[in-house]
S.K.: 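Below: one structure in structure tokens.
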Amino acid sequence: MTPTPSPVHPWAVSPALARQIQSELAHEVIREDRLDPVRRVAGADIGFEAGGRVTRAAVVVLDYPGLDVCERLLLRRPTRFPYIPGLLSFREVPALLEALDGLHTPPDLILCDGQGLAHPRRFGLACHLGVLSGIPTIGVAKSRLIGRHIEPGPARGDWAPLYDGDEIIGAALRTRARTRPLFVSIGHRISLTTAIGYVLACAPRYRLPETTRAAHRLASEEKAGEGGMGGAQRNPSRRG
DNA sequence: GCGACAG
DNA sequence: ATCTTGTCGC
């Protein structure tokens with residue numbers, strides 16, 4: 001496959017310009033299935049330390065469909081953008097892109113911690129990471145940013161469309177009985193129904209996908225790589 | 001003006 | 001997200 005990533009844009013921008021950049025890049029999101037056969041799935045997440053002054057980007061690659069860990073990479077960068085609802089990608093994507101570049105085994109698909117199309121300008125974190133990296137992505141959020149939905153059925157796999165007006169922007173997906181649904185949306189190069197299938201396949205036991213769990217674990221791990229910023233680790237132990 | 005508001 | 005103890009439930 002030949003990804004065609006867009007040239008990077010500035011990150012140190014005002015909220016108003018950030019929104020403008022999102023609206024422009026939103027045109028580049030591909031909402032159809034254009035992904036290679038999936039052999040490796042990655043989870044990407046961010047954690048903080050030093051009272052939030054330091055951002056920790058974690059990416060964990062798992063084989064698919066086995067879901068065993070292949071590679072873990074963690075790096076630290078100074079936090080440069082505040083959390084503003086709707087502008088999360090400007091806070092997290094820069095470090096995540098660097099982490100992706102450092103991977104020894106690039107993934108065929110990335111499950112992101114946050115929304116994709118289910119965003120005011122249809123350009124959530126998953127879309128941003130997907131468009132700039134060229135890698136297919138899915139937005140998997142634990143809570144809702146925008147949109148309305150009815151309660152999905154009670155069984156694992158049941159889901160209800162997430163609407164913004166009459167437009168379907170994502171799905172409220174039950175990955176486990178008796179637990180709150182996740183919010184799944186297109187990130188890049190994948191359709192919503194295909195995305196739902198991968199999220200279910202990656203979450204065989206718990207509410208959150210194994211990819212997300214592994215990335216979150218690494219991002220918030222206590223003793224995270226000694227030798228200063230840029231520290232990376234690979235070939236971890238795979239315990240469940 | 002009053003809420004809502006991914007992580 | 002992060003600060004933090006116990007607690008209810010499988």
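Remember, predicted model here, so these are calculated numbers, not experimental data. Naming: A, B, ... by sequence-line order, numbering from 1 per chain.
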S.K.: Using side-chain contact (heavy atoms from CB on, under 4.5 Å) as the criterion, point out the one residue from A:Leu25, A:Leu117, A:Ile21 that pairs with A:Phe123.
M.R.: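 One option only clears the test, and that one is A:Leu25.
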S.K.: Side chain of A:Ser143 only, please: which of B:dG7, B:dA4, C:dT2 is the nearest?
M.R.: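 Nearest listed nucleotide: B:dG7.
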S.K.: Determine, stepwise, if the pair A:Arg174 / A:Glu151 fulfils salt bridge (charged side-chain N to carboxylate O under 4.0 Å, His left out).
M.R.: CA-CA 10 Å; A:Arg174 189 95 61 193; A:Glu151 182 76 7; 3.2 Å; yes
S.K.: Any chance you could list the contact pattern along nucleotides 4-10 of chain C? Use B for base contacts, S for sugar-phosphate-only contacts and - for none, protein heavy atoms under 4.0 Å, 5' to 3'.
M.R.: -------
S.K.: Is the distance from OP1 or OP2 of B:dC5 to the nearest side-chain N or O of A:Arg144 less than 4.0 Å?
M.R.: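 Looking at the OP1 and OP2 atoms of B:dC5, one of them is under 4.0 Å from a side-chain N or O of A:Arg144.
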S.K.: Measure the distance from CG on A:Leu87 to P on C:dA1 and round it to the nearest whole Å.
M.R.: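 Roughly 18 Å, once rounded to whole Å.
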S.K.: Take atom CG of A:Asp113 and atom P of B:dG7, then tell me their distance rounded to the nearest Å.
M.R.: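 It is 6 Å, rounded to the nearest whole Å.
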S.K.: Any chance you could lay out the side-chain hydrogen bond (donor to acceptor under 3.5 Å, both in side chains) test for A:Thr105 and A:Glu71, step after step, and finish with the verdict?
M.R.: CA-CA 7 Å; A:Thr105 58; A:Glu71 180 179 1; 2.8 Å; yes
S.K.: Quick one, A:Leu96 with A:Ile46, criterion side chain to side chain contact (heavy atoms under 4.5 Å, CB included). Give me CA distance, side-chain angles, the key distance, then yes/no.
M.R.: CA-CA 8 Å; A:Leu96 289 177; A:Ile46 289 294; 3.9 Å; yes
S.K.: Testing the 3.5 Å rule here: is there a donor-acceptor pair between the side chains of A:Asp113 and A:Thr212?
M.R.: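 Short answer, no.
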S.K.: Given atom CD of A:Glu49 and atom P of C:dC3, what is their separation to the nearest angstrom?
M.R.: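 Result: 11 Å.
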S.K.: Over how many whole Å does the gap from A:Leu88 atom CG to B:dA4 atom P extend?
M.R.: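 Between P of B:dA4 and CG of A:Leu88: 20 Å.
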S.K.: To the nearest Å, how far apart are A:Arg56 CZ and C:dT2 P?
M.R.: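 To the nearest whole Å, that distance equals 9 Å.
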S.K.: Please state how far atom CZ in A:Arg19 lies from atom P in B:dC5, giving the value in whole angstrom units.
M.R.: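 For the pair A:Arg19 CZ and B:dC5 P, the rounded distance is 17 Å.
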S.K.: So, A:Tyr83 and B:dG7: ring centres less than 5.5 Å apart, planes less than 30° off, yes or no?
M.R.: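 Yes, A:Tyr83 stacks on the base of B:dG7, since the ring centres sit under 5.5 Å apart and the planes are within 30°.
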S.K.: How many Å lie between CZ on A:Arg53 and C1' on C:dT2, as a whole number?
M.R.: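 Answer to the nearest Å: 13 Å.
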S.K.: Using the benzene-type ring in the case of Trp, are the ring centres of A:His9 and A:His128 under 6.0 Å apart?
M.R.: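 Aromatic pair counts; centres sit under 6.0 Å.
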S.K.: Can you confirm if the aromatic rings of A:His149 and A:Tyr163 lie within a centre distance of less than 6.0 Å?
M.R.: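 That pair fails the under 6.0 Å test.
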S.K.: Within the 4.0 Å heavy-atom criterion, would you say A:Gly86 contacts the bases, only the backbone, or no part of the nucleic acid?
M.R.: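 Here A:Gly86 touches the bases of the nucleic acid.
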S.K.: Under 4.0 Å between any heavy atoms, over every strand shown, what does A:Leu182 touch: base, sugar-phosphate, or nothing? Just pick one.
M.R.: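 No contact.
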S.K.: Ignoring backbone atoms, establish whether A:Lys142 has a side-chain N or O less than 4.0 Å from OP1 or OP2 of B:dA6.
M.R.: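 Checking A:Lys142 against B:dA6: no side-chain N or O falls below 4.0 Å of OP1 or OP2.
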S.K.: Measure from NE2 on A:His128 to P on B:dG7 and round the result to the nearest Å.
M.R.: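 Checked: the NE2 to P distance equals 18 Å.
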S.K.: Just to confirm, is there a sub-4.0 Å distance from OP1 or OP2 of C:dA1 to any side-chain nitrogen or oxygen of A:His216?
M.R.: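 Yes.
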